[in-house]
Each structure stands twice: as structure tokens, then as C-alpha cells.
Amino acid sequence: MKILKVKNEIEAGKLGSEIILDLVINKDKPVLGLATGSTPISTYNQIIERTNSEKIDWTNVTTFNLDEYKGLKPTDDQSYDFFMRKQLFDHINIKKENTNIPSGSISTNEEANKYDELIAAKGGIDLQLLGLGTNGHVGFNEPPADFNSLTSIVNLVESTIESNARFFAKKEDVPTQAISMGMKSIMSAKKILLIALGESKADAIAQLVNGKVDPSWPCTLLQNHKDVTIIIDEKAASKL
Ligand code: GLP
């Protein structure tokens with residue numbers, strides 16, 4: 001595991017965007033796995049800035065997002081579909097048909113598993129960007145995680161509902177379920193780039209770096225992946 005320590009969010013975004021854009025510029029048909037949450041926003045901002053100033057072409061790029069809230073439509077401003085358009089897709093020349101996000105209207109795991117088939121049909125994910133839940137979740141794979149899971153319908157735990165409530169008008173509005181790429185789906189990516197910022201992520205980062213592989217900290221499974229880079233700020237690194 002490669003650990004890159006940075007001073008702050010801006011530096012994390014600079015480094016994260018460099019790693020992603022390196023692939024976009026140099027690979028013929030790159031397939032990116034993308035994440036939502038507040039953490040990747042600085043990375044997306046830098047991507048937009050460099051894409052526009054350096055005229056970087058996204059027409060051959062395919063993306064797969066990690067997750068979506070169950071029951072939310074793409075038009076809902078709390079949906080991850082809406083988030084991705086607002087934070088990234090609307091500002092770069094990516095083709096809408098090349099962007100994939102699990103549908104919030106999926107109602108069976110059989111339907112959800114098709115997302116993994118779609119990823120495989122595109123040759124797999126070259127680089128998966130990940131944030132980190134305070135409880136160590138990746139995507140919406142809550143503890144105790146099923147390390148063999150494919151994309152499926154998942155229940156959100158109380159602490160996740162509470163931390164994500166800040167984006168909604170009230171806690172009761174936060175969906176209690178999501179469609180998330182599974183742990184096995186994530187581990188199938190050729191490279192993984194995880195970004196964690198702030199003190200609330202320090203415990204999960206300590207487990208990821210120094211803990212043992214344990215379903216009660218889902219992120220620890222990444223120790224078994226051969227190509228993981230993590231970008232962390234000083235606060236997230238404070239318990240290492
Ligand atoms: C949500 C997302 C995760 C994300 C996490 C952390 O639960 N499903 O993919 O990593 O939030 O969010 P933030 O980056 O806002 O701390």
C-alpha cells in the first residue's frame with residue numbers, strides 16, 4: 001500500500017486529480033470507478049480546472065459510480081446521479097452514455113448484479129476512486145462486510161445515516177438503503193485510490209493501515225489488493 005500524506009484538502013485534490021488525469025491522458029479507453037461524498041470534491045474541482053485549461057479529452061472515458069441511494073431518482077438533488085453531474089460530468093466533455101451509476105430504482109439483487117456484468121463487459125475498472133466512511137465503509141459496504149459481495153441492495157447503519165444527514169433537510173429524509181458495488185466488485189479494480197480527510201477518518205485509516213483484515217472494518221480488505229494508493233491529510237493520519 002502506498003501512503004501519500006498531504007497537508008490539506010487542496011493538496012489531496014491536486015494529487016488525486018493528477019493520478020486520475022494521468023490515466024485519462026495516457027490510456028486508450030480508460031474505465032474509471034468514481035465516488036461521491038465531500039472527500040472527492042477537491043479532486044473533481046482540480047480535474048475540471050485542468051481538463052478545461054489543458055483541453056483534456058474525455059470522449060473515450062467510461063465511468064462507473066460506486067453507489068446510489070435506493071428510491072432516489074436522478075432528478076432528485078440528493079441523488080448521487082445529480083451529484084456527479086453537478087460536481088463533474090456537466091463540466092467536462094464526457095459522453096453521458098459512458099457514465100454509469102447504479103439505478104436507485106433497482107429492486108432485486110439479481111438486477112443489481114448486472115452492474116458487475118456491465119463493468120466486466122467494459123474490460124473492468126482501471127482505477128477505482130474511494131472515499132471512506134467513519135466506520136470504515138467503502139462504497140456503502142457497511143460493517144460487518146461481506147467480502148464476497150457483488151453490487152447489491154444494502155442497508156445503511158445508523159451512524160452512516162447520521163453522518164449523511166448533513167446533506168438532507170432532516171435526518172428522516174436520508175434513505176435507509178442503497179445500491180452499492182460490493183467488496184468483490186471493488187477488489188476487482190486494477191488500481192485503487194482511496195482519499196481520506198479529517199479527524200473523523202483517523203480510526204478507519206489506522207485500521208486500514210495497521211489493523212488486521214476484518215469484516216468489522218470493511219476497508220481492511222484493501223490490504224489484500226496489490227495496487228492501493230491512499231492519500232490522507234494530517235488529521236486522517238493522526239492515529240498512525
Ligand atoms: C458515503 C458514500 C461513500 C463515501 C462516504 C464518505 O457514505 N457512500 O462512498 O466514501 O460517504 O463521505 P465523505 O467523503 O463525505 O466523508
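Below, all heavy atoms of this structure are taken into account, side chains as well, without hydrogens, waters or symmetry copies. Every value quoted in this text rests on a predicted model; they were computed, and no experiment measured them. Order of appearance sets the numbers: ligands from 1, and atoms from 1 within every ligand.
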Examine the proximity of ligand 1 to [X] and report which part, side chain or backbone, both or neither, has a heavy atom under 4.0 Å away.
| X | answer |
| --- | --- |
| Ser38 | both |
| Thr134 | neither |
| Tyr69 | neither |
| Arg166 | side chain |
| Asp67 | side chain |

How close do [X] and [Y] get, heavy atom to heavy atom, and via which atoms?
| X | Y | value |
| --- | --- | --- |
| His137 | Asn141 | CB-O, 3.0 Å |
| Asn98 | Val61 | CB-O, 3.3 Å |
| Ser152 | Ala112 | CA-CB, 3.7 Å |
| Asp57 | Asn93 | OD1-ND2, 2.9 Å |

Which residue holds the protein heavy atom closest to [atom], what is that atom called, and what is the gap in Å?
| atom | answer |
| --- | --- |
| atom 14 (O) of ligand 1 | Thr39 OG1, 2.5 Å |
| atom 11 (O) of ligand 1 | His137 NE2, 4.0 Å |
| atom 16 (O) of ligand 1 | Lys201 NZ, 2.6 Å |

Interatomic spacing from NZ in Lys114 to CG in Asn109 - rounded to 0.5 Å
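The NZ atom of Lys114 sits 11.5 Å away from the CG atom of Asn109.
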
Output the distance between atom OH (Tyr80) and atom CG (Asp67), rounded to the nearest 0.5 Å.
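One finds 5.5 Å between OH of Tyr80 and CG of Asp67.
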
Under 4.0 Å from a heavy atom of Tyr80: give me the atoms of ligand 1 that qualify, with their elements.
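Per the distance check, 1 (C), 2 (C), 8 (N).
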
Distance filter under 4.0 Å to Asn164 heavy atoms, resulting ligand 1 atoms
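Those atoms are 1 (C), 7 (O).
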
For atom 9 (O) of ligand 1, tell me which residue out of Ala196, Gly37, Gly131, Gly139 has the closest non-hydrogen atom.
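It is Gly139 whose heavy atom sits nearest to atom 9 (O) of ligand 1.
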
Who's closest to atom 6 (C) of ligand 1 heavy-atom-wise, of Ile161, Leu132, Asn135?
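Nearest heavy atom to atom 6 (C) of ligand 1 lies in Leu132.
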
Quick check: Phe83 with Tyr69 (ring centres under 6.0 Å apart)?
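Centroid distance Tyr69-Phe83: not below 6.0 Å, so no.
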
If you measure every N or O of Phe167 against every N or O of ligand 1, does any of those distances drop under 3.5 Å?
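Between Phe167 and ligand 1 (N or O atoms, distance only) the closest approach is not under 3.5 Å.
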
Quick check: do Ile205 and Leu194 have side-chain heavy atoms less than 4.5 Å from each other?
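Side-chain contact under 4.5 Å: yes.
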
Has the side chain of Thr62 got a donor or acceptor atom that lies under 3.5 Å from a matching backbone atom of Val31?
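Checking the backbone N and O of Val31 against the side chain of Thr62, no donor-acceptor pair under 3.5 Å is found.
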
